[in-house]
2 protein chains.
Amino acid sequence: MSGRWGERGPGKRWHREFRGGGYRITIPRQIILQVLDESKKHLSAEDIFLKVHQIYPTIGLTTVYRTLELLVGMGLVFKFDFGDGRARYELCRGDDSSSHHHHLVCTNCGRIIDYAEFIEEELELINKTKQELEKKYGFEIRNHTLQFYGLCKRCKAIKE
Amino acid sequence: MSGRWGERGPGKRWHREFRGGGYRITIPRQIILQVLDESKKHLSAEDIFLKVHQIYPTIGLTTVYRTLELLVGMGLVFKFDFGDGRARYELCRGDDSSSHHHHLVCTNCGRIIDYAEFIEEELELINKTKQELEKKYGFEIRNHTLQFYGLCKRCKAIKE
DNA sequence: TTCCTTATTGATAATCATTTTCAATAATAT
DNA sequence: ATATTATTGAAAATGATTATCAATAAGGAA
Ligand SMILES: [Mn+2]
Ligand SMILES: [Mn+2]
Ligand SMILES: [Zn+2]
Ligand SMILES: [Zn+2]
């Protein structure tokens with residue numbers, strides 16, 4: 001094991017991206033990526049800061065925000081808004097449909113469920129739509145979000 | 001014409017909803033709905049406040065926020081986040097597919113384009129997904145958002 | 001209408017996630 | 001090792017949204 005993630009893993013991928021973009025590979029950036037990689041949840045900047053802080057206490061919250069913005073800009077991290085006033089971040093794990101998923105958001109308690117039902121069909125439609133929109137509006141589409149809002153099982157039960 | 005919107009129009013619909021929910025029909029609420037109805041854009045709370053202010057200058061920004069929250073909760077208004085740090089609001093114009101649309105967001109300049117390509121097919125897929133998710137997770141789904149992010153024609157050109 | 005109850009309002013202050021500033025530090029090329 | 005400059009972290013600033021609370025007005029009853 002040479003890097004923080006071993007020979008394979010997410011390391012290699014972004015390593016090149018950083019170098020190509022003229023960005024330096026720093027300890028804060030490595031640790032933030034590590035934390036994102038080890039977590040499957042949808043972390044807020046502060047969630048990430050707290051985990052990062054346990055590994056390397058001198059890293060500041062500002063750096064977490066800056067790094068996340070950088071990673072989002074590079075397309076390595078997704079940024080979501082689930083309506084609770086803080087952004088959520090999730091490592092982008094490649095373009096394979098195995099990691100592609102969307103979200104179900106409970107507007108009452110904030111619970112988030114990842115789902116991947118009908119993803120194949122969805123990707124088909126998304127791609128068709130994407131091509132049409134790129135042709136029609138000259139837009140260069142980079143990514144998309146699809147979210148369902150409603151009441152989770154528990155909250156639905158509470159309200160009868 | 002008896003009401004602010006005539007006999008038909010959006011008036012009737014929410015009028016019942018308000019009464020049913022025990023909410024009072026006040027001048028600020030009427031004017032905020034009027035402004036939303038007259039605008040086709042995606043207005044921020046402050047945009048709405050400024051328009052409301054021209055019609056009835058004593059209405060405060062706080063009331064605009066509160067009313068919007070109420071309308072969103074009632075399902076009469078959609079609330080969006082396009083990533084520029086402020087929420088955007090749009091009047092919900094019925095369930096007919098003629099008004100159903102989604103958004104293309106330029107991550108560089110913030111331009112928003114409404115689109116409705118392949119909406120029929122999308123609704124089919126959405127409904128199928130919705131049913132499956134409701135069955136599988138016990139979620140009661142109320143609505144959904146689908147957004148594409150990328151570079152608009154102009155921004156793409158600027159970056160060669 | 002007039003009176004009562006209480007939902008609603010608006011000015012103000014408070015909150016709090018995210019940005020900005022800027023001097024100190026550390027990553028890379030030579 | 002040295003020079004260059006991207007990056008960092010502490011602190012202060014920003015800015016959208018929310019909480020407070022006394023004053024007001026909508027809707028029902030009389
Ligand atoms: Mn997820
Ligand atoms: Mn729209
Ligand atoms: Zn819930
Ligand atoms: Zn643009």
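The basis for the numbers below is simple: all heavy atoms, side chains too, and nothing from hydrogens, waters or symmetry mates. Protein chains get the first letters and strands the later ones, always in sequence-line order, with residue 1 at the start of each.
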Rounded to whole angstroms, how far apart are OH on B:Tyr65 and P on C:dA13?
18 Å

A:Thr67 side, atom OG1; A:Leu76 side, atom CG - distance, nearest 0.5 Å
12.0 Å

In terms of side-chain geometry, is the basic nitrogen of B:Lys40 or B:Asp114 positioned less than 4.0 Å from the acidic oxygen of its partner?
no

Would you indicate what A:Arg24 reaches in the nucleic acid, counting non-hydrogen atoms under 4.0 angstrom: base, sugar-phosphate, or nothing?
base

Which residues pass the salt bridge (charged side-chain N to carboxylate O under 4.0 Å, His left out) test with B:Arg154, sequence neighbours left out?
none

Just how large is the angle between the end axes of the helix from C:dT1-D:dA30 to C:dT30-D:dA1, five pairs per end, to 10 degrees?
40°

Would you mind reading off the distance between B:Arg86 atom CZ and C:dT18 atom P, rounded to a whole angstrom?
15 Å

Look at the aromatic rings of B:His102 and B:His144 and report parallel, tilted or perpendicular, splitting at 30° and 60°.
tilted

Partner residues of A:Phe78 under the side chain to side chain contact (heavy atoms under 4.5 Å, CB included) criterion, sequence neighbours left out:
A:Phe80, A:Cys92, A:Asn143

Answer yes if the ring centres of A:His42 and A:Phe82 are under 6.0 angstrom apart, and no otherwise.
yes

Are the charged groups of B:Lys128 and A:Glu121 less than 4.0 angstrom apart, N to O?
yes

Listed once per pair and sorted, the salt bridge (charged side-chain N to carboxylate O under 4.0 Å, His left out) pairs that draw on residues 71-84 of chain B, sequence neighbours left out:
B:Glu69-B:Lys79, B:Asp84-B:Arg88

Just to verify, what does A:Glu124 make a side chain to side chain contact (heavy atoms under 4.5 Å, CB included) with, not counting sequence neighbours?
none

Check side chain to side chain contact (heavy atoms under 4.5 Å, CB included) between B:Glu134 and all other residues, then give those that pass, not counting sequence neighbours.
B:Lys130, B:Ile141

Applying ring pair (Phe, Tyr, Trp, His ring centres under 6.0 Å) to A:Tyr149 and not counting sequence neighbours gives none

Which nucleotide of DNA chain D is the first, and which the last, in the 5' to 3' direction, to come under 4.0 Å of a heavy atom belonging to chain A?
D:dT5 to D:dA11

Can you list every ring pair (Phe, Tyr, Trp, His ring centres under 6.0 Å) pair that touches residues 113-140 of chain B, not counting sequence neighbours?
B:Tyr115-B:Phe148

Relative to the 5' end of DNA chain D, which residue comes earlier, B:Tyr89 or A:Tyr23, by the nucleotide with the nearest heavy atom?
A:Tyr23

Could you go through residues 50-63 of chain A and list every donor-acceptor pair under 3.5 Å that involves a side-chain atom there, pairing it with any protein atom two or more places apart or in another chain?
unit_1, atom_1, unit_2, atom_2, d
A:His53, NE2, A:Pro57, O, 3.3

Rounded to whole angstroms, how far apart are CD on A:Glu69 and P on C:dT20?
10 Å

Residues of residues 74-81 of chain B with a heavy atom under 4.0 Å from any atom of DNA chain D, listed by number, are none

Nearest-Å distance for atom pair NE2/C1', residues A:His15 and C:dA27
12 Å

For nucleotides 9-12 of chain C, give me every protein contact, N/O to N/O, under 3.5 Å, one pair per line with atom names.
unit_1, atom_1, unit_2, atom_2, d
C:dT9, OP1, B:Thr26, OG1, 2.8
C:dG10, OP1, B:Thr58, O, 3.1
C:dG10, OP2, B:Gly60, N, 3.2
C:dG10, OP2, B:Thr63, OG1, 2.5
C:dG10, N7, B:Arg66, NH2, 2.5
C:dG10, O6, B:Arg66, NH1, 3.0
C:dT12, O4, B:Thr62, OG1, 3.4

